Amino acid sequence: MKAAFHLAFPVKSIGITKMFYHEVLGCPVGRSTEEWIDFDFFGHQISAHISVQMEEDVETSEVDGKKVPLRHFGAILPFEKWNELAHRLKAAGAEFVIEPQVRYEGQVGEQHIMFVNDPSGNALEFKAFTNSKEVFQD
């Protein structure tokens with residue numbers, strides 16, 4: 001098995017979370033109980049856990065002139081999958097924190113990015129690099 005990360009995060013509702021991650025994002029569902037649910041998040045395991053104390057105040061950091069949610073997670077996808085996901089999110093009526101766009105155009109690290117919140121307010125970033133060899137380059 002290729003190394004994969006695991007992330008646990010808080011949510012308000014298992015049912016609404018399942019609908020968003022499975023039906024909108026297309027993530028296969030793993031094990032679950034009434035208190036938590038696992039998803040295959042683009043090859044990685046994420047676990048949504050019911051929380052009674054969700055943080056409402058979202059701290060941001062300025063990146064390339066945009067206010068980016070400081071606490072977020074996401075996936076780097078091939079451009080075709082990123083573009084397909086952008087269309088799926090738009091069709092589902094997702095409210096973008098940052099609309100799909102190109103960042104660092106013409107520079108090392110050029111990337112297509114978008115940010116959305118899940119139904120519990122967790123910020124997700126999806127990116128696709130123009131040149132996948134530049135993911136970690138300066």
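Values in this document were obtained by computation on a predicted structure and should not be read as measured data. Scope of the values below: all heavy atoms of this structure, side chains included, with no hydrogens, waters or symmetry mates.
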- Value rounded to 0.5 Å, distance of CG in Leu77 from CH2 in Trp82: 9.5 Å
- Does CD1 belonging to Ile16 count more than 12 external heavy atoms closer than 6.0 Å? no
- Say you draw a straight line from CZ of Arg71 to OG of Ser61; how long is it, rounded to the nearest 0.5 Å? 13.5 Å
- Message: Leu89: which residues meet the side-chain contact (heavy atoms from CB on, under 4.5 Å) condition with it, sequence neighbours left out?
- Response: Phe20, Val24, Leu25, Leu85, Ala94, Phe96, Met114, Val116
- Task: Identify whether Ile76 and Val108 are in the same connected component of the hydrophobic contact network (ILVMFWY, side-chain heavy atoms under 4.5 Å).
- Result: no
- Assess whether ring-ring contact (aromatic ring centres under 6.0 Å, His included) is satisfied between Phe42 and Phe73, documenting all intermediate values. CA-CA 12 Å; Phe42 306 96; Phe73 66 95; over 10 Å; no
- Stepwise side chain to side chain contact (heavy atoms under 4.5 Å, CB included) test for Val11 and Thr17: CA-CA 7 Å; Val11 296; Thr17 298; 3.4 Å; yes
- Does Val63 belong to the same Ile/Leu/Val/Met/Phe/Trp/Tyr cluster as Leu70, with side-chain heavy atoms less than 4.5 Å apart forming each link? no
- Set of side-chain contact (heavy atoms from CB on, under 4.5 Å) partners for Thr130, sequence neighbours left out: Glu110, His112
- Task: Using the test side-chain contact (heavy atoms from CB on, under 4.5 Å), find all partners of Gln53 that sit at least two apart in sequence or belong to another chain.
- Result: Ser51
- All pairs passing side-chain hydrogen bond (donor to acceptor under 3.5 Å, both in side chains) where residues 86-105 contributes a residue, at least two apart: none
Which atom pairs, one a donor and one an acceptor, fall under 3.5 Å between side chains of residues 31-41 and the rest of the protein, sequence neighbours left out?
unit_1	atom_1	unit_2	atom_2	d
Thr33	OG1	Glu35	N	3.0
Thr33	OG1	Trp36	N	3.3
Thr33	OG1	Trp36	NE1	3.3
Asp38	OD1	Ser47	OG	2.5
Asp38	OD2	Gln45	NE2	3.3
Asp40	OD1	Gly43	N	2.7

- Query: So how far is it from Ser13 OG to Lys18 NZ, rounded to the nearest 0.5 Å?
  - Reply: 11.5 Å
- Give a yes or no on whether Ile14 and Met19 share a hydrophobic cluster (residues Ile, Leu, Val, Met, Phe, Trp, Tyr; joining criterion: side-chain heavy atoms under 4.5 Å apart). yes
Atom pairs and distances, donor-acceptor, side-chain atoms in residues 119-127, under 3.5 Å, two or more places apart:
unit_1	atom_1	unit_2	atom_2	d
Ser120	OG	Lys12	N	2.8
Asn122	ND2	Pro10	O	2.8
Asn122	ND2	Asp118	OD1	3.4
Asn122	ND2	Asp118	OD2	3.0
Glu125	OE1	His72	NE2	3.1
Lys127	NZ	Gln111	OE1	3.4

- For residues Gly74 and Phe5, report the shortest heavy-atom separation together with the two atoms involved. O-CZ, 4.4 Å
- Item | Audit row: Ile98, Val68, side chain to side chain contact (heavy atoms under 4.5 Å, CB included) steps and yes/no | CA-CA 8 Å; Ile98 297 177; Val68 171; 3.9 Å; yes
